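Taking it in order: structure first as structure tokens, then the write-up.
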Amino acid sequence: MIDIKRLREEAAYRVGIERKRVRAGLIDEVLAADEARAALARKVQELRTLQNAASKEIGKASPDERPAKIEAAAALKTELHALEPELTVLEARVRELALQLPNPADASVPDGGEDDSVVLRVFGEAKAAPPLDHADYAERMGFVDTDHGAQASGSRFAYVMREAVFLEFALVQWIMQRLAGEGFVPVVPPVLVRESTMEEAGFFPTDRAQVYEVDGGELYLTGTSEVPLSALHRGDVLDPDELPRRYAGFSSNFRREAGTYGKDTRGIFRVHQFDKVEMFSFCNPDESWDEHERLLAIEESILTDLELPYRVVNIAAGDLGPAAAKKYDLEVWLPSEGRYRESHSCSNYLDYSARRLNTRVRGVDGNRLAHTLNGTACAVGRMLVFLFEHYQEDNGAFVVPEVLRTYTGFERVEPFK
RNA sequence: GGAGGGCUGACUGAGUGGCCGAAAGUGCUCGCCUGCUAAGCGAGUAAGGGGUUACAAGCCCCUUCGAGGGUUCAAAUCCCUCGCCCUCCGCCA
């Protein structure tokens, strides 16, 4: 949710919104609707002042004065009742319109759309494709079974099996330990949440088409633990001394992937269900940009420790999600496709999400909305895809990345005959 | 699934129709006191919004006592719906 007051008063705020893809005229509609709302609200407020005063007098009045005073107050009540429903309608209208406005893009975000994102740096060598691409290799090794996945559940479902399972656990364990060491609170959150939680986290109404509905619409399966993690401080006033509060959530994630037919159909690169460790941070409003860089640094260190070649991209304004003021993607080199593919992303939401969640930070002269940030620590399925190509030997053996060996208990997997 | 009890400010907790935005305490802020360490005394301290104004202070007003709706001139207090917590019974990984 945007800040309507700032939209009204700060030119830069408005420009930040316009740099994203916003329906022409929407901003002015919001402002006009809010203006109408405010005018009526003032009128209603005046009436309420009179009514409250009148009621108070009745309490103090003597028994024989009462009937006349009650009658007068009742007249005011009738007048109020005529206006209040109208105000409710106007308020709902403002809210509905304002929810469609995205968080303004930060000044450091490049203009334009998907093709205008800026590569900030490149790390490691882009190497040649291995004998088998990740999908064929994983099937051959018995790591992934998409055929039976499709039979049991449909396309974009897979069984992850054998050593790949231990590899998955090793990734999760390694990352969780490391994040805990950096002050993140480890969390296994609920993956089924109510509608209101989806709304407050900013996923409804915009992303509704991507979400699985359960129990006749009572609950929804989360597509990222960002949703339950953000709800962790819903309505809270946080102590500034205890910030940032960092959480590392591990969960299975469910996405309908509507509108991606025919895209990324190989292997488990893009599936309906995958496990992920997500970082989430609540911080002081004036520290969120530092925190954003910190999350990025953690993500980069994970990739460098796994010795995967990657690049860092500053996503252009038109390609940003509604909530992000700025987003970095990390893209790992996928040899079989000969291009970089997204492995991590890392967003600063500023106060956009906190406004709806009503998560604040206590301050000496008033409380301020907290800033929230989130970033991928490890999207396990996709990480396996990268590992299947980068750690595949010419003879077909799989070598376990050094940092994971204490967690897997084995160093390599011999080729499947 | 059944029965009952509860949800009040950063926190604990009183308050069953008007004198309650709300006692008391904790915490916090400021001042005083004290040479001695989670000591004492005093004052202040809910949030969000609007008006006035210098988008200051101050002052005035509105809304908010889990959420939403209702009754009433008037609701933290009464009624309804929903959510959550607790206790007991049943069932169960």
Side-chain angles (χ1 to χ4, degrees), chain A residues 1-14 30-31 33-96 98 188-201 204 214-220 227-228 231-243 245 282 284-285 351 354-370:
Chain A
M1 176 76 131
I2 57 127
D3 186 337
I4 295 184
K5 196 173 171 187
R6 290 185 66 189
L7 176 62
R8 205 186 307 127
E9 294 169 357
E10 294 175 33
Y13 196 83
R14 182 181 178 129
V30 171
L31 289 174
D34 189 54
E35 198 47 58
R37 191 218 93 242
L40 185 61
R42 274 191 286 273
K43 207 181 293 177
V44 167
Q45 191 179 309
E46 275 171 39
L47 274 175
R48 281 181 182 153
T49 306
L50 295 176
Q51 227 242 337
N52 287 344
S55 292
K56 233 170 205 149
E57 272 185 51
I58 293 168
K60 294 176 197 146
S62 65
D64 29 303
E65 298 179 316
R66 283 199 178 191
K69 290 191 180 244
I70 288 179
E71 203 175 317
L76 284 167
K77 178 193 177 180
T78 313
E79 206 175 330
L80 250 182
H81 273 32
L83 286 182
E84 275 173 339
E86 203 182 322
L87 181 60
T88 308
V89 169
L90 289 182
E91 282 170 345
R93 167 108 182 115
V94 170
R95 189 180 152 77
E96 186 198 328
V188 178
V191 296
L192 285 164
V193 300
R194 353 163 171 281
E195 187 172 34
S196 60
T197 305
M198 280 293 193
E199 279 173 5
E200 285 165 354
F204 279 3
V214 166
D215 198 18
E218 285 291 296
L219 292 167
Y220 298 85
V227 175
L232 223 34
H233 289 300
R234 184 198 118 90
D236 284 357
V237 179
L238 302 172
D239 185 339
D241 296 338
E242 289 171 16
L243 295 175
R245 296 184 71 138
F282 297 87
N284 265 309
D351 62 9
R355 183 167 291 108
R356 237 188 293 189
L357 290 160
N358 196 22
T359 301
R360 289 157 295 165
V361 178
R362 189 188 334 288
V364 268
D365 32 51
N367 300 333
R368 292 183 296 167
L369 288 168

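Letters A, B, ... mirror the listed sequences (proteins, then strands); counts begin at 1. Computed from a prediction, not measured in an experiment: that's the story for all the values here.
Per the geometry, CG belonging to A:N52 stands 17 Å off P belonging to B:U72, to the nearest Å. As a whole-Å value, the separation of A:L87 CG from B:U63 P is 12 Å. In this structure, A:L238 atom CG and B:C11 atom C1' are separated by 15 Å, rounded to whole Å. Whole-Å rounding puts the A:E200 CD to B:A67 P distance at 13 Å. Between the CG atom of A:L369 and the C1' atom of B:A47 there is a distance of 12 Å, given to the nearest Å. B:C28 atom C1' lies 10 Å from atom CG of A:D239, rounded to whole Å. The distance from atom NZ of A:K43 to atom C1' of B:G51 is 16 Å, rounded to the nearest whole Å. For A:Q45 and B:G51, the CD to P distance is 9 Å, given to the nearest whole Å.
For A:K56, no side-chain nitrogen or oxygen approaches OP1 or OP2 of B:G18 to under 4.0 Å. For B:A46, the OP1/OP2 oxygens have no side-chain nitrogen or oxygen of A:N367 closer than 4.0 Å. One finds no side-chain N or O of A:K5 lying less than 4.0 angstrom from the OP1 or OP2 phosphate oxygen of B:C55. For the pair A:R8 and B:C55, the criterion of a side-chain N or O lying under 4.0 Å from OP1 or OP2 is not met. Taking side-chain N and O atoms only, A:R42 has a distance below 4.0 Å to OP1 or OP2 of B:G51.
Rounded to a whole angstrom, the distance from the P atom of B:G17 to that of B:C11 is 28 Å. Taking the C1' atom of each, B:A14 and B:G1 are spaced 36 Å apart, rounded to whole Å. B:G15 and B:A24: their C1' atoms are spaced 11 Å apart (whole Å). Taking atom P in both B:C78 and B:G5, one finds a spacing of 13 Å when rounded to whole Å. Using atom P as the reference point in both B:C59 and B:G44, the two lie 14 Å apart (nearest Å). Spacing between B:A75 and B:U63 at atom P, rounded to whole Å, works out to 9 Å. Between B:U64 and B:U8, the distance separating the two C1' atoms is 12 Å to the nearest Å. B:U77 and B:A22 have their C1' atoms separated by 12 Å, given to the nearest Å.
Closest to the side chain of A:I58, out of B:A47, B:C73, B:C19, is B:C73. Proximity note for A:R360 (side chain, C-beta onward) versus B:C62, B:A47, B:A74: the nearest is B:A47. Closest to the side chain of A:V237, out of B:A10, B:A74, B:C84, is B:A10. Between B:C73, B:C62, B:G83, one nucleotide has an atom nearer to the side chain of A:T49 than all others, and that is B:C62.
Residue A:E200 is tested with A:R234, A:R194, A:R356 for a side chain to side chain donor-acceptor pair (under 3.5 Å); the sole match is A:R234.
A:E35 is not listed as a side-chain neighbour of A:L31, based on a closest heavy-atom distance of 4.5 Å or more. At least one side-chain heavy atom of A:E91 sits under 4.5 Å from a side-chain heavy atom of A:L87. The shortest distance between side-chain heavy atoms of A:H233 and A:L357 does not fall below 4.5 Å. Looking at A:V193 and A:L219, their side chains never come closer than 4.5 Å, going by heavy atoms from C-beta outward.
With a 3.5 Å ceiling on both atom-pair distances, the Watson-Crick or G-U wobble partner of B:U52 is B:G58. As the counterpart of B:U45, B:G27 is assigned, both hydrogen-bonding distances of the Watson-Crick or G-U wobble pattern falling under 3.5 Å. B:G1 and B:C89 make up a base pair, with Watson-Crick or G-U wobble contacts both under 3.5 Å. Base-pair partner of B:G40: B:C32 (Watson-Crick or G-U wobble, both distances under 3.5 Å). Under the Watson-Crick or G-U wobble criterion, with both distances below 3.5 Å, B:A22 is left unpaired in every strand shown. For B:C82, the paired nucleotide is B:G66, the pair qualifying as Watson-Crick or G-U wobble because both relevant distances are below 3.5 Å. Across all strands shown, nothing is found opposite B:A14 as a Watson-Crick or G-U wobble partner with both distances under 3.5 Å. Nucleotide B:A74: unpaired (no Watson-Crick or G-U wobble partner with both distances less than 3.5 Å).
When each of A:R48 and A:R234 is assigned the nucleotide of RNA chain B bearing its nearest heavy atom, the one mapping closer to the 5' terminus is A:R48. Nearer the 5' end of RNA chain B, as judged by each residue's closest nucleotide, is the contact made by A:R368, out of A:K69 and A:R368.
With respect to the salt-bridge test (charged N to carboxylate O, under 4.0 angstrom), the residues A:R8 and A:D34 qualify. Ion pair A:R48/A:E84 flagged as a salt bridge, since at least one NZ, NE, NH1 or NH2 atom sits closer than 4.0 Å to an Asp/Glu carboxylate oxygen.
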Starting from the C-alpha separation in whole Å, work towards a yes-or-no answer on side chain to side chain contact (heavy atoms under 4.5 Å, CB included) for A:V214 and A:Y220. CA-CA 6 Å; A:V214 166; A:Y220 298 85; over 6 Å; no
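A:E46 comes within 4.0 angstrom of no nucleic acid atom, judged by non-hydrogen atoms across all strands.
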